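Below is one structure, written out as structure tokens; the observations come after it.
Quantities reported herein were computed from a predicted structural model and do not represent experimental measurements.
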2 protein chains.
Amino acid sequence: MATVSRALNNQATVDTELAERVRVAAAELGYRRNGVARSLRLQRTDVWALIISDIANPFFTAVARGLEDVAQEQGYSVVLCNSDEDPAKEARYLDVAVREQVSGVVLSPNEVSSDISHLQRLGVPVVAIDRPLREPVDSVLVRSAAGAEEATTHLLQQGWRRPACITGPESAGTAVQRLTGYRRAMAAHSRRSPKNLVRYADYRADRAGLAAADLLDGRYPPDSFFVANSEMALGVLEELRHRRLVPGRDVGLVAFDDAPWTQFTERPLTVVAQPAYEMGVLAGRLLLDRIGVPLDAQPAARTRRLRTELVVRGSSLRD
Amino acid sequence: MATVSRALNNQATVDTELAERVRVAAAELGYRRNGVARSLRLQRTDVWALIISDIANPFFTAVARGLEDVAQEQGYSVVLCNSDEDPAKEARYLDVAVREQVSGVVLSPNEVSSDISHLQRLGVPVVAIDRPLREPVDSVLVRSAAGAEEATTHLLQQGWRRPACITGPESAGTAVQRLTGYRRAMAAHSRRSPKNLVRYADYRADRAGLAAADLLDGRYPPDSFFVANSEMALGVLEELRHRRLVPGRDVGLVAFDDAPWTQFTERPLTVVAQPAYEMGVLAGRLLLDRIGVPLDAQPAARTRRLRTELVVRGSSLRD
DNA sequence: TACCCGTCGGCAAACGTTTTCCGCGCGCCG
DNA sequence: CGGCGCGCGGAAAACGTTTGCCGACGGGTA
């Protein structure tokens, strides 16, 4: 048993020719080692968990691809858990992650206050992606505020006079950052306090559509929208279509987040694109830096902030 | 130890008051049971694996939601693995599934010949979703051929004379079924053998775009397209835009697979919608029927075929 | 001849549960 | 007062690996 185990784990102490024979025999017998028993003994698994807040969001699927590519390369597998913007589900999956002893967790937290203390106590490396956490932890973020500011400024420069902002839930770090960027741009153009031009939604299409309707029905309706992700842009588009308002003609529209379909809408959508794939890769590298490193030799929490890119298409222009 | 274990597992033999005290103490001490050790002893986990072929495809994300909802309800967690249309990755994840002793697998196989024999030998329930498998196994499928036939017939009835078909890879069951439906419709309208109107692609946007270009550059270019999934529809849309062809005016277009963005394209897309969420739910129920049932009491393989729905929007109409 | 080193494999502990077996104490009933 | 059933808990086996310890063997070296 001992030698077989050593052979299958490519340990140097076993002769290569014998190791080969072992592998052949194993294959012949259809032997597969029991990963659970192995994990129990080793106190770790070759699995990473990626806990994302919305599986339907192409941003996260691109992140997943990036993470998976570095994982595979290093012999890890990635399992994906969908918290669906629900803190309870997120907690459930964090719990599954510790129970199943994954050796690394990449998390896009629903809230800045998500509780990862248990993982940290156990020494499981965690990296926050897309959204910041209150606790100090490796993070891969984008310069949301800067991107939002650039987008809003672009609207103003195009001649739109009253851009509204539909952002995510107040509990999400990205939502407030994007709002901050919007406010900065408005202030820089000495626009009035845009309080009644701002709505918090939940990063989902439905609520965003309602928010748009609410804004348009208000006393001083906006003439354009900055929307904090592409999912919500769909909701806004629906509401606009309902009112026969055409983006790029009757209203201006910019969304955070690129998606494959954005160039095929009635007027192609102007978006703030994020380097999602690279973010996944980066998160993987940050994990790798910590895995197997004793707690006292761990580097301090590092944060990578990536730049966004404004992709101007039709929906933000004035005919 | 024995009593604590029984208490935490809600066994009837322990007094409810004592069980409560155990739970309180456990919470106080921050005790979390080790899921790996538990799985080792129990020879199973509370985890299902969902192995899908394309994580960016909204069809699969809807399936995932459906499956997850029944899983949660029954105390299971579902981890998602992305095989990315790559048989090698799929095999890797199937292997991870057996190694990690998941108690059920839902698989959308890349090929009808994907090898699940090892899972079956071990008695791990498997259900194939979306695409059929050669081996007898529980399956949740849609009536692809019927849907494709209906879509193609619709194009013909709208007055399009030469609809082309861009389908998936020959190895995928759905791809050939959709092609079959297309052929049936063509035959029913006594169209010539449509050999040079058919292209196999890989269910991805890029290759589909190339296929469209190839068709349009041929000797007898098509005047309309039936495309076998929404991902590929994006590729076709790109190629059409490149040529300044507007769907619903210059060409007809129907795609299999609904997606959130389909109603917001330049001309809203006519699609064959699949009940993706329900399919996930159904797959979960099929798993539940088998989990914990001894091998000799297992029902024979069952297949559920769900109906598609043709959603007519603008892209298939003639102005 | 004695010794050392590299390779090999037997033995056993350990990982953290669940579960069976068994014995104890208690209250209840006949 | 004896027997019984119930709730409880101790002891130990089992799940399938990894790994340290140790002894065996063979070949080269002092």
### Task
Not counting sequence neighbours, list each pair that qualifies as a ring pair (Phe, Tyr, Trp, His ring centres under 6.0 Å) and has a residue in residues 46-78 of chain A.
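Output for this query lists Trp48(A)-Tyr76(A).
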### Message
Generate the contact string for nucleotides 3-9 of chain C. Rules: B means base contact, S means sugar-phosphate contact only, - means no protein heavy atom under 4.0 Å.
### Response
----SSB
### Message
Testing Ile116(B), Leu119(B), Val127(B), Val137(B) one by one against Leu107(B) for a side-chain contact (heavy atoms from CB on, under 4.5 Å), which residue passes?
### Response
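Of the listed options, the one satisfying the test is Ile116(B).
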Mark yes or no for whether [X], through its side chain, and [Y], through its backbone, hold a donor-acceptor pair below 3.5 Å.
X: Ser108(B); Y: Ile129(B); value: no
X: Thr61(B); Y: Ile55(A); value: no
X: Ser144(B); Y: Gln177(B); value: no
X: Thr45(B); Y: Gln101(B); value: yes
X: Glu135(B); Y: Asp115(B); value: no

### Message
If you apply the rule side chain to side chain contact (heavy atoms under 4.5 Å, CB included), what do you find for Arg304(A) with Ser139(A), and how did you get there?
### Response
CA-CA 6 Å; Arg304(A) 300 264 181 282; Ser139(A) 311; over 6 Å; no
### Query
Near DNA chain D, under 4.0 Å by heavy atom, which residues of residues 38-48 of chain A?
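The stretch gives Arg38(A), Arg41(A), Leu42(A) as the residues lying under 4.0 Å from the strand, ordered by number.
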### Message
Whether Asn34(A) contacts dC15(D) is assessed here as follows: a side-chain N or O lying under 4.0 Å from the phosphate OP1 or OP2. Is that the case?
### Response
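No.
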### Message
Taking 4.0 Å as the cut-off, does a side-chain nitrogen or oxygen of Gln11(B) come that near to OP1 or OP2 on dT19(C)?
### Response
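Answer is yes, contact under 4.0 Å.
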### Message
Any salt bridge linking Arg99(A) with Asp95(A)? Criterion: basic side-chain nitrogen under 4.0 Å from a carboxylate oxygen.
### Response
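Salt bridge flag = yes for Asp95(A) with Arg99(A).
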Integer-rounded Å distance: [N] [atom2] and [X] [atom1]:
X: Leu8(A); N: dG16(D); atom1: CG; atom2: C1'; value: 13 Å
X: Arg33(A); N: dT19(D); atom1: CZ; atom2: P; value: 10 Å
X: Arg99(A); N: dG16(C); atom1: CZ; atom2: C1'; value: 14 Å
X: Gln101(B); N: dC15(D); atom1: CD; atom2: P; value: 12 Å

Validation: residues 278-288 of chain A side-chain donor-acceptor distances under 3.5 Å, sequence neighbours left out:
none

### Message
According to side chain to side chain donor-acceptor pair (under 3.5 Å), who are the partners of Asn57(A), at least two apart in sequence or on a separate chain?
### Response
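Testing Asn57(A) for side chain to side chain donor-acceptor pair (under 3.5 Å), a comparison that skips the adjacent residues, returns none.
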### Query
Quantified as the angle between the terminal helix axes (five pairs each), what is the overall bend of the helix from dT1(C)-dA30(D) to dG30(C)-dC1(D) to 10 degrees?
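Answer for the end axes of this duplex: 60°.
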